[in-house]
Number of protein chains: 2
Amino acid sequence: MTQERTGAGAAFAPHDHQRCQADALQVAEQRLAAKKARLTPVRRRTLELLLESHRAMGAYEVLERLAAEGYGSQPPVAYRALEFLVQHGLAHRLQRLNAFAACLHPECEHAPAFLICRVCSKLAEVPAGYLQDELGELSQDNGFTIERLTVEAVGLCAGCAKAGAA
Amino acid sequence: MTQERTGAGAAFAPHDHQRCQADALQVAEQRLAAKKARLTPVRRRTLELLLESHRAMGAYEVLERLAAEGYGSQPPVAYRALEFLVQHGLAHRLQRLNAFAACLHPECEHAPAFLICRVCSKLAEVPAGYLQDELGELSQDNGFTIERLTVEAVGLCAGCAKAGAA
DNA sequence: TAATCAATGTAATAAAATAACAAGTCAACC
DNA sequence: GGTTGACTTGTTATTTTATTACATTGATTA
């Protein structure tokens with residue numbers, strides 16, 4: 001089961017996205033309930049927006065959608081909801097894109113690496129725990145303690161490669 | 001010799017920084033000459049600024065320094081010089097910081113991982129070729145081709161840890 | 001029910017990055 | 001030596017991304 005969800009190409013490959021979304025939402029509800037954190041309407045809606053596709057969305061893109069649906073229209077509205085989701089492991093921040101994406105396996109694995117297709121902008125999350133470990137060892141030798149690790153790869157996904165995108 | 005320069009803690013540990021700078025500049029000159037790319041005054045000065053410390057500098061910090069020395073005072077001046085250095089492998093862009101840093105071993109290794117101390121903001125470059133390879137294999141299995149990889153770890157360096165920084 | 005704390009909303013601003021265009025510099029060539 | 005053409009620098013203006021500060025609302029609990 002973990003295997004099923006952590007397959008690197010999951011997001012790029014065709015899959016039952018309805019269920020993919022529903023699962024993620026359910027996990028979110030459970031996790032937040034357990035932590036006594038509140039999945040308020042804006043926060044929930046923000047997560048839903050991120051889950052719509054496997055693309056990363058900019059904060060302002062999220063904001064626009066939220067505003068159109070009657071939520072606040074100022075940047076902090078989006079940034080706060082996104083930050084909340086990130087803090088609770090339900091979304092990730094992509095440094096290379098100044099953007100955010102829903103976490104695809106919030107239940108397990110907490111050291112993801114991202115594969116970002118530069119053509120379709122979809123992204124996949126692959127387990128990177130072992131990368132963290134390896135790098136962790138190497139840096140510990142030098143007295144450096146890793147607290148957070150960002151691994152982001154930009155490239156070309158199978159679909160776009162096949163479609164002949166340069 | 002490669003060993004000497006790629007030691008992970010190089011930047012954090014005390015070292016002959018004068019020479020460290022001089023070496024980097026010399027390598028830069030050679031490399032650019034070989035490529036027939038021009039190390040103009042702004043570009044050279046920008047590299048020198050980045051080499052002053054082992055910290056990453058924001059584009060606007062660089063700009064301010066350049067402007068104070070009589071160069072142009074508008075953002076493109078800094079961004080262009082920095083982009084040039086990055087393109088030629090003489091500097092790196094740190095996604096997590098919106099900042100730039102001089103490349104510490106431009107002669108070899110082209111898949112660096114960064115260790116960024118969140119207290120003193122110094123950073124070290126460690127070889128990550130093997131990380132790239134491992135991740136590359138994993139993603140290739142799924143048809144994804146990595147073009148550029150970003151590995152940035154934020155944490156605490158030995159010095160700051162010892163100094164009791166939280 | 002009053003007091004408190006978390007969450008939302010807005011206005012204003014800061015910080016980071018890019019686009020578009022004019023002017024200058026430099027090397028190579030005739 | 002002068003001219004062409006590519007590269008480099010500079011400026012103005014604008015866009016994109018992110019934060020600060022403060023008022024207001026809503027939920028929680030003592």
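Values below: all heavy atoms of this structure, side chains included; hydrogens, waters and symmetry mates excluded. Numbered from 1 within each chain, the chains take letters A, B, ... in sequence-line order.
Listed by first and then second residue, the ring pair (Phe, Tyr, Trp, His ring centres under 6.0 Å) pairs involving residues 113-144 of chain A are A/His92-A/Phe114, A/Phe144-B/Phe12 (not counting sequence neighbours). Residue pairs that meet the ring pair (Phe, Tyr, Trp, His ring centres under 6.0 Å) test with at least one member in residues 67-87 of chain A, sequence neighbours left out, are A/Phe84-A/His88. The ring pair (Phe, Tyr, Trp, His ring centres under 6.0 Å) pairs that include a residue from residues 22-52 of chain B number zero, where partners must be two or more places apart or lie in different chains.
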List, one per line, each side-chain donor-acceptor pair under 3.5 Å for residues 131-138 of chain A, sequence neighbours excluded.
none

Run the side-chain donor-acceptor check on residues 60-70 of chain A: report pairs under 3.5 Å with partners two or more places apart or on a different chain.
residue, atom, partner, partner atom, Å
A/Glu61, OE2, A/Arg55, NH2, 3.2
A/Arg65, NH1, A/Glu52, OE1, 3.3
A/Arg65, NH2, A/Glu52, OE2, 3.0
A/Glu69, OE1, A/Arg45, NE, 2.6
A/Glu69, OE2, A/Arg45, NE, 3.3
A/Glu69, OE2, A/Arg45, NH2, 3.1

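The separation between B/Tyr71 atom OH and D/dT8 atom P is 15 Å, rounded to whole Å. As a whole-Å value, the separation of B/Met57 CE from C/dA15 P is 16 Å. As rounded to whole Å, 18 Å separates atom P of C/dA16 from atom CZ of A/Arg96. For the pair A/Leu39 CG and C/dA7 P, the interatomic distance rounds to 11 Å; values are reported in whole Å. What separates CZ of B/Arg44 from P of D/dT9 is a distance of 14 Å, to the nearest Å. Summarising the geometry, the separation between CD on A/Glu83 and C1' on C/dT8 is reported as 14 Å, rounded to the nearest angstrom. Atom CD of B/Gln87 is separated from atom C1' of D/dC7 by 13 Å (rounded to the nearest Å). Put simply, CZ on A/Phe84 is 14 Å from C1' on C/dT8, counting in whole angstrom units.
Using a 4.0 Å cut-off, some side-chain N or O of B/Thr40 falls inside it from OP1 or OP2 of D/dT9.
The shortest side-chain heavy-atom distance between B/Arg118 and A/Glu147 falls under the 4.5 Å cut-off.
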Per-nucleotide protein contact string for nucleotides 13-30 of chain D, where B marks a base within reach and S marks sugar-phosphate only (heavy atoms under 4.0 Å, - for neither):
----BBBB------S---
